[in-house]
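These notes are about the structure you will find just below.
These values consider heavy atoms only, across backbone and side chains, with no hydrogens, waters or symmetry-generated copies.
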Amino acid sequence: MFLQQRHAHNFKHQKEKMNSLGLTTLCCVLVVLGTLHCFSCDQLDPWFYDTTCPNVSSIVTDVLSNVSQSDPRMLASLIRLHFHDCFVQGCDASVLLNDTDTIVSEQTALPNNNSLRGLDVVNQIKTAVENACPGVVSCADILALAAEISSELADGPSWEVPLGRRDSLTANRTLANLSLPGPNFTLDQLISSFANQNLTVTDLVALSGAHTIGKAQCGVFVNRLYNFSSGNPDPILNTTLLESLRAICPNGGVGTNLTNLDVTTPEIFDSMYYSNLQLQNGLLRSDQELFSTPDAETVPIVNSYINDQTLFFEDFIASMIRMGNIGVLTGSEGEIRKQCNFVNTNSSAFDIFTTINHQKMELLA
């Protein structure tokens with residue numbers, strides 16, 4: 001109840017504040033908050049559903065509050081799900097689509113296979129939203145709202161989510177394999193992966209901070225423990241952490257055991273993730289790269305977040321908004337899916353053909 005009241009208060013306060021400033025578009029808001037490149041500022045709007053589904057945020061909050069009581073890890077999983085959606089043909093809920101005769105699901109791409117969580121929770125949210133506002137709220141917007149509310153429920157930052165996305169008619173497993181950054185990426189690979197999405201180095205460091213909550217399977221990082229280089233463990237992994245991880249992840253084990261991404265405060269969204277990097281306690285090689293790469297431009301950003309959690313929260317909000325605007329479908333593009341895992345049955349073959357060709361042209365541009 002308190003969280004719902006806080007959402008309502010923030011909603012009213014921010015709306016009055018923006019109206020009093022005469023800010024009629026989200027682009028103007030983002031200029032006030034910081035220099036963000038917004039792809040659809042004139043179309044995405046935190047109050048997009050103000051008249052058509054005014055309680056959508058409360059509905060999502062109710063579902064996630066209940067789910068997270070029995071599965072706190074779900075909050076991290078939903079933030080990750082939004083990230084994995086946006087990095088593949090934009091924030092269009094393509095990651096939610098199941099395999100069909102015409103769709104090859106992104107869920108079986110290597111970065112997603114046997115690791116994506118939260119698909120059933122998104123379906124729970126969609127059912128609840130459809131009961132209140134049938135045919136109005138997109139699955140892409142549900143993913144964006146679920147990520148923000150998950151951050152807030154984990155004691156992290158909250159923000160007004162720009163809304164108005166529509167859902168894709170296609171998925172792209174090949175692009176998922178190419179676009180999603182891996183847990184063993186070097187810093188140069190990480191920077192390149194984010195730059196391909198028009199995201200900055202600051203976005204990379206800030207968004208990586210989502211690893212302050214959640215868990216990872218041993219198979220994702222076990223190479224660091226035994227045979228990272230010439231039969232030796234990763235030299236930039238804290239030796240005390242190494243021994244504790246070997247107890248959880250035996251050499252030659254099944255690789256499905258879980259351990260916390262943040263060894264200090266694993267269920268609280270805070271800046272301890274960055275303090276861990278300073279002590280070489282980053283679980284994933286891609287995390288530790290942010291601090292341990294010599295003379296890297298990411299190091300001073302990590303240090304600034306260690307010293308100022310408020311700065312981290314502010315940058316995380318800005319980066320989540322920026323990421324949430326990648327390649328969005330708006331207006332008459334795409335559709336509002338009735339079920340998040342399938343395109344609507346009335347989606348014509350011509351619409352799907354047009355969408356695929358549009359995506360190919362964007363890749364060639």
Side-chain angles (χ1 to χ4, degrees), residues 67-85 87-88 95-99 104-123 150 154 171 173-174 176-186 189-190 193 208 210-267 273 276-277 279-289 292 341:
V67 169
S68 62
Q69 288 178 16
S70 59
D71 185 5
R73 181 187 169 207
M74 185 54 65
L75 302 177
S77 298
L78 289 169
I79 295 174
R80 180 176 186 257
L81 190 58
H82 181 45
F83 179 96
H84 279 227
D85 179 41
F87 264 57
V88 183
V95 71
L96 303 178
L97 290 172
N98 290 348
D99 279 323
V104 179
S105 177
E106 294 168 17
Q107 296 164 25
T108 53
L110 185 60
N112 294 331
N113 197 32
N114 297 320
S115 68
L116 277 187
R117 300 178 76 246
L119 301 174
D120 55 337
V121 175
V122 172
N123 289 338
S150 292
R173 185 173 66 180
T174 300
N177 280 317
L178 292 172
S179 297
L180 291 168
N184 292 301
F185 268 24
T186 65
Q189 289 174 314
L190 290 169
S193 177
S208 295
H211 286 175
T212 186
I213 55 175
K215 297 178 183 289
Q217 297 183 27
C218 290
V220 175
F221 58 86
V222 71
N223 65 308
R224 301 187 70 197
L225 309 184
Y226 299 101
N227 190 23
F228 184 80
S229 178
S230 302
N232 297 312
D234 189 341
I236 61 171
L237 178 61
N238 182 289
T239 54
T240 302
L241 178 60
L242 170 64
E243 294 308 314
S244 65
L245 290 176
R246 281 179 167 177
I248 298 168
C249 308
N251 195 12
V254 294
T256 55
N257 291 347
L258 294 168
T259 193
N260 295 318
L261 286 162
D262 180 342
V263 300
T264 310
T265 53
E267 293 185 1
Y273 162 85
N276 294 334
L277 301 184
L279 299 173
Q280 294 187 321
N281 281 331
L283 182 66
L284 306 182
R285 175 75 187 202
S286 56
D287 289 331
Q288 194 60 51
E289 285 278 320
S292 295
N341 302 130

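Partners of His211 by side-chain hydrogen bond (donor to acceptor under 3.5 Å, both in side chains), not counting sequence neighbours, listed by chain and number: Asp287. Under the side-chain hydrogen bond (donor to acceptor under 3.5 Å, both in side chains) criterion, Thr259 pairs with no residue, sequence neighbours left out. Residues satisfying the salt bridge (Lys or Arg N to Asp or Glu O under 4.0 Å) test with Asp71, not counting sequence neighbours, are Arg117. Applying the ring-ring contact (aromatic ring centres under 6.0 Å, His included) criterion to Phe87, with sequence neighbours excluded, gives Phe83, Phe194. The salt bridge (Lys or Arg N to Asp or Glu O under 4.0 Å) test applied to Glu289 returns Arg285, not counting sequence neighbours. By the side chain to side chain contact (heavy atoms under 4.5 Å, CB included) test, Leu258 pairs with Arg73, Lys215, Gln217, sequence neighbours left out. Checked against side chain to side chain contact (heavy atoms under 4.5 Å, CB included), Ala154 has the following partners two or more places apart in sequence or in another chain: Leu75, Ile213, Phe269. Remark: Gln280 engages no residue in a side-chain hydrogen bond (donor to acceptor under 3.5 Å, both in side chains) (not counting sequence neighbours). Not counting sequence neighbours, Asn177 has no partner by the side-chain hydrogen bond (donor to acceptor under 3.5 Å, both in side chains) test. In this structure, Asn227 has no side chain to side chain contact (heavy atoms under 4.5 Å, CB included) partners at least two apart in sequence or on a different chain. Ser208 pairs by the side chain to side chain contact (heavy atoms under 4.5 Å, CB included) definition with Leu204, Tyr273, Leu290, not counting sequence neighbours.
Leu81 places a side-chain heavy atom less than 4.5 Å from the side chain of Leu116. Between Gln107 and Leu119, some side-chain heavy-atom pair lies under the 4.5 Å cut-off.
With hydrogens and angles disregarded, a donor-acceptor distance shorter than 3.5 Å links the side chain of Ser193 to the backbone of Ser179. Remark: side-chain polar atoms of Asn112 are paired, donor with acceptor, to backbone N or O of Glu106 under 3.5 angstrom.
Put simply, SG on Cys218 and CZ on Arg224 are 13.0 Å apart, with the number rounded to the nearest 0.5 Å.
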- Message: What verdict does the side chain to side chain donor-acceptor pair (under 3.5 Å) test give for Asp262 and Thr212, after you've listed the backbone C-alpha separation in whole Å, the side-chain angles of each residue and the deciding distance to 0.1 Å?
- Response: CA-CA 5 Å; Asp262 180 342; Thr212 186; 3.2 Å; yes
Identify all side-chain donor-acceptor contacts of residues 241-249 below 3.5 Å with residues at least two apart in sequence or on another chain.
from: Ser244; atom 1: OG; to: Leu241; atom 2: O; distance (Å): 2.8
from: Arg246; atom 1: NE; to: Leu225; atom 2: O; distance (Å): 2.9
from: Arg246; atom 1: NH2; to: Leu225; atom 2: O; distance (Å): 2.7

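What you find for Leu283 and Ala216 is that their closest heavy atoms are CD2-CB, 3.8 Å.
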